[in-house]
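Notes follow once the structure below has been shown.
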Amino acid sequence: MPTPRIAILGAGLAGIAAAQTLRAAGCDTVVFEKSRSYGGRCATRNWDGDLVDHGAQYFTVGSSEFARAIRANAQLVVHPLEAPLLNQNGRPFPEKKRYYHREGNNCLARALAEGLEIRFETPVPPPQPLPGGWQVCEESFDRVLTTAPLPQSAALFGVPLDVPETYEPCLTLLVRYWGEWLGRTPDRYGLAHAPGGALRWSACENHKATRIQPGRTVMVLHAAADFSRRHWDGDPQEWGALLRAELEPAWGISSPHFDSHFSHRWLFSRLARPVEVPAFPEGVSYAGDAASDSRVESAWLNGATAAERLLAKLQAPQS
Ligand SMILES: Cc1cc2nc3c(=O)[nH]c(=O)nc-3n(C[C@H](O)[C@H](O)[C@H](O)COP(=O)(O)OP(=O)(O)OC[C@H]3O[C@@H](n4cnc5c(N)ncnc54)[C@H](O)[C@@H]3O)c2cc1C
């Protein structure tokens with residue numbers, strides 16, 4: 001059988017896991033990624049020299065498969081977060097190790113992508129069917145595996161999606177203060193806020209060693225879904241001030257220390273509810289957090305599983 005040529009859409013954790021699984025089985029894989037870098041929603045920003053995770057804050061390493069993939073990569077060293085995460089009642093979340101990468105969580109994806117052929121800054125337009133395959137960005141492939149968030153994947157292939165809002169939107173604000181370890185930041189890493197308010201989550205990046213320059217405190221704020229919907233087209237100065245007004249008393253930080261902020265909008269942040277992934281056209285499959293749950297580790301596992309399923313189909317005798 002000739003070497004199967006497979007296009008993977010997206011260099012997030014699902015796309016990278018799928019591409020590595022297919023490559024290890026001898027397939028010719030090309031990853032197309034619309035942005036400039038690895039990781040998708042596992043994203044890190046270099047903000048004037050501070051490395052801040054504005055997407056996934058941390059990741060779990062609960063499965064033996066994910067642990068093995070991390071251990072097998074000599075370049076990849078991950079560290080556990082030591083300070084507690086508090087729930088809305090001020091109690092620590094159930095004991096579970098949560099990890100980060102010292103150079104930014106997107107380095108997880110970068111390291112796991114070692115050896116892959118990736119075309120960055122290549123947003124894939126709707127692929128065209130060919131006899132026995134698909135055309136993606138003017139190239140021919142036997143199969144396509146899409147890992148763009150489900151609404152985007154469905155739109156690319158004209159697949160109807162009957163779920164009104166698959167993912168929650170999330171307005172994100174990075175806030176910097178002059179002074180180190182302000183207020184209650186030494187005692188806790190993160191705080192899940194009570195429903196009904198502007199904030200869903202806030203965390204102090206200083207707990208990630210080597211990330212923040214001396215003399216500064218950097219906080220990450222994720223707005224609640226309802227707040228994000230209401231302020232989606234609003235001025236970040238205005239919605240940012242509302243988020244800070246909730247953050248500062250919760251963390252005991254006073255605004256005279258305030259320096260600057262940076263904002264980002266995630267249209268598809270996490271799944272709003274479990275969904276059934278619809279059937280894609282012949283020769284196309286979907287992998288990603290919509291097929292499991294919105295976690296870095298789940299996306300990676302789902303990408304690997306989807307690739308194994310695709311391999312099994314390729315190896316099945318043709319009737
Ligand atoms: C604000 C926020 C906080 C989070 N916090 C956590 C956390 O603390 N812990 C945790 O485990 N998880 C967290 N998550 C969830 C986690 O980040 C995601 O579930 C996971 O990263 C999804 O991976 P994925 O590969 O399925 O999708 P993505 O990471 O979205 O990857 C899809 C990729 O496809 C690309 N793409 C889209 N369309 C195209 C196209 N047409 N052509 C080419 N490329 C395309 C995108 O640019 C993207 O890189 C968080 C997510 C967000 C947004």
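As the structure lists them, so they are numbered: ligands from 1, and atoms in each ligand from 1. Atom set for the values below is all heavy atoms of this structure, side chains included, hydrogens, waters and symmetry mates excluded. Because the structure is a prediction, the values reported are computed rather than measured.
- In terms of polar-atom proximity, defined here as any N/O pair under 3.5 Å, Arg41 does make such a contact with ligand 1.
- Using a cut-off of 4.0 Å between Lys/Arg side-chain N and Asp/Glu carboxylate O, Asp259 and Arg216 are scored as not salt-bridged.
- In this structure, Arg36 forms no cation-pi arrangement with Phe120, as its terminal cationic atom is not both closer than 6.0 Å to the ring centre and no more than 45° off the ring axis.
- The closest non-hydrogen atom to atom 42 (N) of ligand 1, taken over Val31, Thr60, Val124, comes from Val124.
- Nearest protein neighbour of atom 37 (C) of ligand 1, counting heavy atoms only, is Ala148 CB, 3.4 Å.
- Which of Ala14, Gly10, Gly288 comes nearest to atom 34 (O) of ligand 1 through a heavy atom is settled by distance: it is Gly10.
- Note on ligand 1: Leu271 sits outside its first shell, no heavy atom being nearer than 4.0 Å.
- Taking each of His222, Gln57, Glu33 in turn, the one with a heavy atom nearest to atom 49 (O) of ligand 1 proves to be Glu33.
- Considering only non-hydrogen atoms, atom 2 (C) of ligand 1 lies nearest to Gly55 out of Ala299, Ser292, Gly55.
- Between Glu103 and Arg110, none of the side-chain N atoms (NZ, or NE/NH1/NH2) sits under 4.0 Å from a carboxylate O, so this pair counts as no salt bridge.
- A side-chain N or O of Arg295 and one of Thr60 form a donor-acceptor pair less than 3.5 Å apart.
- Here the heavy atom of the protein found nearest to atom 5 (N) of ligand 1 is Ala56 CA, 3.3 Å.
- Annotation: side chain of Cys42 is not in contact with side chain of Asn106 (no heavy-atom distance under 4.5 Å).
- Using a 4.0 Å cutoff on heavy atoms, Gly303 does not count as a contact of ligand 1.
- When side chains are defined from C-beta on, His101 does not count as touching Thr44, because their heavy atoms never get closer than 4.5 Å.
- Remark: side-chain polar atoms of Arg102 are not paired, donor with acceptor, to backbone N or O of His79 under 3.5 angstrom.
- Looking from atom 11 (O) of ligand 1 to the surrounding protein, the closest heavy atom is Val296 N, 2.8 Å.
- Of the protein's heavy atoms, Lys34 N, 3.1 Å lies nearest to atom 44 (N) of ligand 1.
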